[in-house]
Number of protein chains: 2
Amino acid sequence: MLDPSTQRPAVGIRDVAALARVSPTTVSNVLSGNRRVSAATRERVHWAIDQLGYRPNLSARNLRVRRAGLIAVAVPEIGVPYFAELIGHVVQAARERDYTVLIDQTEGRLEAERFVLSGMNPGMVDGILFSPLGIERVEYENRRDSTPLVLLGERISGGGVDHVAIDNVAAAADATRYLIERGGRRIAAIGHQEREGGGTAPQRTRGYRQALDAAGMSYDPGLVVPTSKYHRRDGALAMAALLDRGTRPDAVFCYSDLVALGAIHTLRERGLRVPEDVAVIGIDDIDEGRYSTPTLTTITPDKVAIARTALELLFDRIADGSREPRQIVVPHSLTVRRSA
Amino acid sequence: MLDPSTQRPAVGIRDVAALARVSPTTVSNVLSGNRRVSAATRERVHWAIDQLGYRPNLSARNLRVRRAGLIAVAVPEIGVPYFAELIGHVVQAARERDYTVLIDQTEGRLEAERFVLSGMNPGMVDGILFSPLGIERVEYENRRDSTPLVLLGERISGGGVDHVAIDNVAAAADATRYLIERGGRRIAAIGHQEREGGGTAPQRTRGYRQALDAAGMSYDPGLVVPTSKYHRRDGALAMAALLDRGTRPDAVFCYSDLVALGAIHTLRERGLRVPEDVAVIGIDDIDEGRYSTPTLTTITPDKVAIARTALELLFDRIADGSREPRQIVVPHSLTVRRSA
DNA sequence: TAGGATGCGTGCAACGTTAAACTGAGGTGT
DNA sequence: ACACCTCAGTTTAACGTTGCACGCATCCTA
């Protein structure tokens with residue numbers, strides 16, 4: 001173990017410079033590669049660097065170059081697998097560009113979401129990937145801060161902000177259509193959000209209705225059950241509520257995989273077979289669904305594409321703050337497993 | 001939308017000071033609360049601050065006060081629910097202390113783990129929570145960097161480093177003993193790691209053997225199957241391998257919940273009933289296990305306690321770099337559900 | 001009423017880095 | 001022989017904060 005009293009007195013670029021008998025600037029140039037440095041000098045500098053174990057102080061560098069090398073990802077909850085998996089991809093893609101990722105967990109608190117919109121701590125992050133929950137659309141539109149921001153998973157029709165998402169209406173319609181094709185006649189939808197003003201839920205409900213219409217099936221509001229969040233628990237409770245009020249759907253379209261897994265849990269507890277009695281489909285394609293019982297049929301958004309595209313958009317905007325905002329739609333597909 | 005050409009020219013503390021007709025120092029004091037400022041002045045400063053939408057530049061502040069307000073959490077993978085949930089708790093607890101959390105994903109790459117040990121980017125983080133995977137014990141012991149570091153989930157018997165973990169030997173013994181009590185006679189263990197040199201796997205294997213011994217049961221190496229990682233997939237493959245070689249355990253102790261869920265997946269695919277034919281127990285108590293089919297019996301580590309204790313240790317060490325390293329054991333318990 | 005404490009504010013320097021301007025030695029072209 | 005360029009380095013001045021030492025009223029106490 002390192003002797004604790006050895007409080008290393010923060011070796012700085014000047015120490016390296018002194019040891020290598022050059023100026024700090026030269027050391028800086030060796031590190032950044034910004035200017036030519038003779039091979040001999042470069043060698044000496046490198047030698048001095050690991051002689052002293054020097055590592056540049058990023059706070060200082062960032063202060064100087066006005067770049068933090070940090071981007072924030074703000075999501076409602078890291079514990080939700082979809083976000084966890086997405087963040088994993090983001091972290092990986094960010095590393096390829098020498099960026100580090102910092103996590104902010106809003107838990108849907110409005111105050112936390114506003115903080116995100118206001119650019120978090122200025123000078124601390126170069127940009128923000130934001131998956132909003134409760135915040136209203138208008139707030140994006142007159143945000144004062146100029147920190148580059150990319151919205152994830154939201155469709156802001158107004159379009160003043162960069163964003164990347166799947167086509168939620170189409171995704172929901174695809175899911176519902178699949179349930180219809182395999183024989184669903186009373187198809188429930190779990191995960192609607194009453195709250196107006198954007199969010200993906202209304203879009204998914206729209207897609208659900210579109211597919212019903214297209215098949216000439218009538219829309220029964222009694223089959224649509226809202227949930228406040230998208231946890232397993234919400235799915236389980238919603239499903240229970242549905243059954244308790246005597247409704248017996250033969251298929252269920254869930255607005256997230258977690259909700260679907262919760263619903264399945266309840267169904268099996270009540271002795272109903274999935275998919276024989278009730279077929280269940282979700283959205284997200286989290287790894288869990290590949291191993292659950294039964295395995296989960298779901299809509300697969302291209303998470304890697306979402307992560308990479310979002311970062312591309314973000315770095316693009318960091319480079320040029322004034323370009324037109326873009327809304328990018330990432331492909332999704334249907335993954336058929338056992339639950340439907 | 002904000003006019004993009006309005007590149008806000010980074011309002012600084014001096015602008016605020018000018019508008020409020022005070023010195024920058026006074027503004028700083030208002031913000032930090034470090035020194036008394038008269039009510040009238042404070043008011044004027046606050047007015048100026050939101051007049052200009054001023055937000056302090058953290059890079060500059062950090063450079064000055066040598067505190068980044070940032071801690072890093074380095075884990076193998078964020079997509080693994082146990083880590084995702086743990087990080088969620090860490091983020092929450094960190095916020096209470098005005099710290100932000102930055103994520104590093106090592107993916108078990110040695111190079112990435114070394115980078116973590118070397119303090120990541122100096123001046124960028126005040127401390128590190130590290131859940132190592134591949135790195136050898138000796139590397140902790142002569143690490144050069146002095147960035148405060150707390151190890152998660154590892155038991156480094158040498159003890160030169162702060163760490164917090166459950167008692168892995170006891171946890172494994174508890175799990176195994178429970179399987180024995182409910183009638184297990186041929187108890188497999190999935191998740192052993194051949195690699196010597198620490199890591200939690202050997203400890204769990206030790207606990208497993210202890211429980212067997214205590215019950216007077218013999219240890220059959222053929223029932224212990226190693227996995228390279230702790231994913232669902234690894235559990236599924238290991239279970240398949242076990243069955244394929246004709247071994248039919250009546251109970252399985254899995255070294256993580258994910259492994260357990262993978263094992264269950266395979267068992268059901270092969271037409272075996274859980275828990276009637278084979279009982280399965282895991283470790284971690286991830287949310288998934290509350291809703292899986294069947295619900296998962298598991299060892300529950302107190303994740304909140306782990307997060308909070310780790311942060312406490314970390315802040316403690318940040319405050320006093322020379323105090324003796326401490327190893328803290330966090331309680332765990334047995335949570336009985338349906339799978340065993 | 002002198003002497004010290006206290007309250008509130010200011011100016012200066014520094015944190016560790018890098019961009020920009022500068023220096024000087026040597027080479028090149030006319 | 002002179003102007004001009006290039007190369008490899010140095011010097012200087014910030015980047016935006018905050019800690020420290022100080023200044024100057026005002027208030028208390030003997």
Side-chain angles (χ1 to χ4, degrees), chain A residues 7-46 48-49 52-70 98 119 121-126 147, chain B residues 7-46 48-49 52-70 98 119 121-126 147:
Chain A
Q7 282 286 38
R8 192 148 59 85
V11 15
I13 201 171
R14 339 183 53 100
D15 304 292
V16 177
L19 183 57
R21 315 197 134 276
V22 293
S23 73
T25 303
T26 300
V27 177
S28 170
N29 287 331
V30 168
L31 257 40
S32 66
N34 275 347
R35 289 164 53 83
R36 280 200 60 81
V37 174
S38 75
T41 309
R42 191 168 45 238
E43 192 116 347
R44 264 201 342 280
V45 168
H46 275 132
I49 284 179
L52 298 175
Y54 165 74
R55 324 209 50 212
N57 178 317
L58 288 207
S59 282
R61 171 179 294 171
N62 295 340
L63 173 60
R64 188 59 237 241
V65 303
R66 314 175 112 66
R67 161 201 134 123
L70 220 54
D98 283 314
N121 286 318
M124 172 166 244
V125 299
D126 296 326
T147 307
Chain B
Q7 281 287 39
R8 192 146 60 82
V11 17
I13 202 171
R14 338 182 55 96
D15 304 291
V16 177
L19 183 57
R21 314 198 133 277
V22 293
S23 73
T25 303
T26 300
V27 177
S28 171
N29 287 332
V30 168
L31 258 41
S32 65
N34 275 348
R35 287 165 56 80
R36 281 200 57 81
V37 174
S38 75
T41 310
R42 192 168 45 237
E43 192 119 345
R44 266 202 340 281
V45 168
H46 275 131
I49 284 178
L52 298 174
Y54 165 74
R55 326 211 50 211
N57 178 317
L58 289 206
S59 282
R61 171 179 294 172
N62 296 342
L63 173 59
R64 187 59 237 246
V65 303
R66 310 177 116 61
R67 168 205 128 118
L70 221 53
D98 284 313
N121 287 317
M124 175 165 244
V125 299
D126 297 325
T147 307

- [ ] Nearest whole angstrom, please: distance from the C1' of D:dG16 to the CZ of A:R61.
- [x] 18 Å
Task: Protein-nucleotide distance (B:N62, atom CG; C:dA14, atom C1'), rounded to Å - done: 16 Å
TODO: Could you tell me whether a side-chain N or O of A:R44 sits under 3.5 Å from a main-chain N or O of A:A20, the two making a donor and an acceptor?
DONE: yes
- [ ] State whether the side chain of A:D15 and the backbone N or O of A:V11 hold a donor-acceptor pair below 3.5 Å, judged by distance alone.
- [x] no
Open item on the list: If I take atom CZ in residue A:R14 and atom C1' in nucleotide C:dG16, what distance separates them, rounded to the nearest angstrom?
Closed with: 8 Å
Task: Distance (rounded to the nearest 0.5 Å) between A:L58 CG and A:L63 CG - done: 12.0 Å
TODO: Spell out, as yes or no, whether a donor-acceptor pair under 3.5 Å connects the side chain of B:R42 to the backbone of B:V30.
DONE: no
TODO: For B:Y54 and D:dT18, give me the distance from atom OH to atom C1', rounded to whole Å.
DONE: 10 Å
Open item on the list: Taking B:G69's backbone N and O only, do any of them form a donor-acceptor pair with B:D126's side chain (distance below 3.5 Å, no angle check)?
Closed with: yes
Open item on the list: Any residue in residues 33-40 of chain A with a heavy atom nearer than 4.0 angstrom to DNA chain D? Just list them by number, or reply none.
Closed with: A:R35, A:R36, A:V37, A:S38
- [ ] Output the residues of residues 19-29 of chain B in contact with DNA chain D, where contact means a heavy atom of the residue under 4.0 Å from an atom of the strand; sort by number or write none.
- [x] B:T25, B:S28
Open item on the list: Looking only at the side chains, is there a donor atom on one of B:S23 and B:T26 sitting less than 3.5 Å from an acceptor on the other?
Closed with: yes
Open item on the list: In this structure, how many angstroms lie between the C1' atom of C:dT17 and the CZ atom of A:R55, rounded?
Closed with: 16 Å
Task: A:L58 CG to C:dG16 C1', straight-line distance once rounded to whole Å - done: 11 Å
TODO: Can you figure out which of D:dT17, C:dA19, C:dG16 approaches the side chain of A:A60 most closely?
DONE: C:dG16
Task: Rounded interatomic separation in angstrom, taking CG from B:L63 and P from D:dA14 - done: 17 Å
TODO: Could you tell me whether the side chain of B:R64 has a donor or acceptor atom within less than 3.5 Å of a complementary atom in the base of D:dT17?
DONE: no
TODO: Answer with yes or no whether the side chains of B:T41 and B:S38 bring together a donor and an acceptor at under 3.5 Å.
DONE: yes
TODO: For C:dC15, take OP1 and OP2 only and decide whether either is under 4.0 Å from a side-chain N or O of B:R66.
DONE: no
- [ ] In whole angstrom, give the distance that lies between atom CZ of B:R67 and atom P of D:dG16.
- [x] 21 Å
Open item on the list: Let's see if you can work this out: which of C:dT17, D:dC15, D:dG9 has an atom nearest to the side-chain heavy atoms of A:T41?
Closed with: D:dG9
TODO: Calculate, to the nearest 0.5 Å, the distance between atoms CE and CZ belonging to A:M124 and B:R55 respectively.
DONE: 11.5 Å
Task: Minimum side-chain heavy-atom gap B:L52-B:L19 below 4.5 Å - done: yes
